[in-house]
Amino acid sequence: MRARGFVTLARVSAQDLFDQKTAFGRLALVHVIMMAGDTLVTVSLAGSLFFSVSPTEAKGRVLLYLLLTIAPFAVVSPALGPLIDRSANGRRVLVALSAGVRAALCWMMAEHLNSLWLFPLAFFLLVSSKLYVVTRGALVPEMARTDQFREHADHVGDAGWPGETKETEGFAGFNAQLTLLGTLSGLLAGSIGAGILKSIGAPSVLYVAVFVYVAATVASVRLQRPAKAVRDPVSLRQAERDRHALNPLGDVEVAWGLGAAALMRFAAGFTLFLLAFGLRRESAGLGWYAFALGLSAGGSLAGLAFVTRARHVLSESTLLTIALFATGAGAALASLHPILAVQVLLAGWLGLSAAIAQPSFDAITQKYVAPGAQGRTFARFAVRQQLLWVVGAVLPVAIAMSFAFGDRLLAALMVTASLAYPVGRRLARP
């Protein structure tokens with residue numbers, strides 16, 4: 001099997017994005033637009049909730065917002081996860097509903113950006129956002145199978161990746177493509193949003209997001225219906241249903257992989273808000289924060305370049321171990337030079353590590369979890385990962401800590417996890 005590099009990943013991603021005759025190409029377009037809208041919302045809320053108010057007021061607002069980020073999963077996981085599994089055609093409707101509702105909510109948020117109405121509106125926007133995240137996880141293998149069924153093997157015989165290895169690699173290639181396209185879309189939208197925020201104001205960013213989500217709604221309606229030959233195998237058989245009920249976390253690889261991926265989310269939340277409140281203490285401007293987000297996106301691209309080649313010679317579990325250790329080692333080095341510039345560089349390094357970890361865990365889940373249970377499984381896992389992200393974010397918000405102390409704390413946790421994860425999954429094997 002030939003190793004495919006980052007240039008190939010970028011080329012194939014662009015080809016799929018602009019080939020709107022394929023099921024995956026249409027999903028890629030939806031994802032690009034959704035990520036652009038989400039980035040615009042993030043830019044607007046950062047400018048209005050955090051950097052435009054005093055540090056004391058910002059702490060209270062951020063804590064409330066973090067609590068709101070957990071609640072949507074309490075709605076999405078038990079209520080919508082099984083619905084996503086039962087209705088293959090309904091997944092297209094759910095994606096379109098997610099985009100349309102966010103368009104309406106962004107308009108209302110722009111009108112109430114400085115009132116308490118912002119928080120319930122933000123809550124429902126987050127519910128809609130998480131609905132798309134969970135549904136997309138189930139749609140990736142479905143759209144891939146649809147293209148395989150309709151185009152057959154002769155379409156991908158020469159290109160190889162991502163066609164000939166779709167099933168054997170747990171759709172890791174498709175996850176990497178969406179991550180790459182979403183990162184680039186977020187970079188572009190973030191640059192545009194930052195310019196609008198600085199020149200016109202936060203409400204205008206939300207108004208632009210309205211039009212972006214309307215476009216996402218139109219693109220969602222165009223998602224292809226899966227062929228019957230694709231839908232039938234996705235239904236959960238009785239034996240699979242019983243096994244899933246007894247062991248909802250699935251295979252040992254999935255259970256331990258979830259722990260590793262959740263810790264990476266903890267590190268992301270912790271580092272993000274450690275940096276944010278460090279910027280406020282040092283009276284640094286929004287430009288520093290934007291630079292850190294840009295480096296994080298750049299790190300994500302570098303991580304994808306690495307994982308694209310490495311996944312052909314290293315297992316997903318090994319890649320997760322590497323991501324954990326790299327995060328801990330980077331935090332340890334940053335603690336030796338606890339200055340703002342180094343902390344911004346750490347954000348880029350963490351973006352690289354996260355880009356290695358998340359596609360690897362997604363591939364593990366799609367490989368070991370029955371297709372008919374993937375909707376509820378992705379919803380359940382998203383709850384755990386988001387919970388760890390919030391726990392990580394709350395710590396530097398609730399407890400004032402220096403860069404040096406925070407980096408040492410993160411380094412100790414992640415290096416320990418990088419040792420415990422491979423040992424634990426081997427011991428847990430029957």
Side-chain angles (χ1 to χ4, degrees), residues 5-7 9-10 35 38-39 42-43 46 50-51 176 178-191 193-194 260-261 263-282 284-310 319-360 389 392-393 396 401-404 406-411 413-415 417-418:
F6 181 74
V7 174
L9 172 65
M35 292 302 99
D38 289 351
T39 302
T42 300
V43 169
F50 189 73
F51 284 98
L178 292 181
T179 301
L180 171 61
L181 292 171
T183 299
L184 293 175
S185 175
L187 272 173
L188 178 60
S191 301
L263 278 175
M264 289 299 301
R265 293 286 290 162
F266 172 93
F270 182 85
T271 305
L272 175 67
F273 284 91
L274 180 67
L275 173 62
F277 279 89
L279 290 174
R280 295 308 305 264
R281 285 196 306 271
E282 299 190 18
L286 185 60
W288 275 97
Y289 196 71
F291 183 49
L293 292 179
L295 278 181
S296 179
S300 296
L301 296 179
L304 281 174
F306 172 80
V307 78
T308 300
R309 286 191 174 277
L319 290 170
L320 276 172
T321 303
I322 291 173
L324 290 169
F325 182 78
T327 302
L333 289 174
S335 69
L336 300 177
H337 305 282
I339 59 176
L340 183 57
V342 173
Q343 202 67 24
V344 169
L345 291 176
L346 178 61
W349 182 251
L350 186 60
L352 184 152
S353 301
I356 296 172
Q358 193 60 50
S360 301
W389 185 90
M401 58 180 71
S402 64
F403 287 149
D407 291 340
R408 285 195 293 267
L409 181 65
L410 183 63
L413 176 64
M414 301 307 287
V415 170
S418 71

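Sequence positions, counted from 1, serve as the residue numbers for this chain. Keep in mind that this is a model prediction, so the values were computed, not measured.
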Nearest 0.5 Å, please: how far is [atom2] in [Y] from [atom1] in [X]?
X	Y	atom1	atom2	value
Leu346	Leu410	CG	CG	7.0 Å
Phe306	Leu352	CZ	CG	8.5 Å
Ser185	Leu178	OG	CG	11.5 Å
Ser402	Leu274	OG	CG	8.0 Å
Met35	Thr42	CE	OG1	9.5 Å
Gln358	Ser353	CD	OG	13.0 Å

Taking all heavy atoms of [X] and all of [Y], pick out the closest pair and write down the distance.
X	Y	answer
Ala355	Pro359	O-CD, 3.1 Å
Ser335	Ala332	OG-O, 2.6 Å
Ala323	Met264	O-SD, 3.8 Å
Leu350	Ala268	CD2-CA, 3.5 Å
Trp349	Thr327	NE1-N, 4.2 Å
Val307	Ser360	CG2-OG, 4.0 Å

Working note: Leu301 + Leu184, criterion side chain to side chain contact (heavy atoms under 4.5 Å, CB included); need CA distance, chi angles, decisive distance, verdict. CA-CA 8 Å; Leu301 296 179; Leu184 293 175; 3.9 Å; yes

Please name the residue in the list Leu413, Asp407, Leu409 that meets the side-chain contact (heavy atoms from CB on, under 4.5 Å) test with Phe270.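 Checked Leu413, Asp407, Leu409 against Phe270; only one passes side-chain contact (heavy atoms from CB on, under 4.5 Å): Leu409.
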
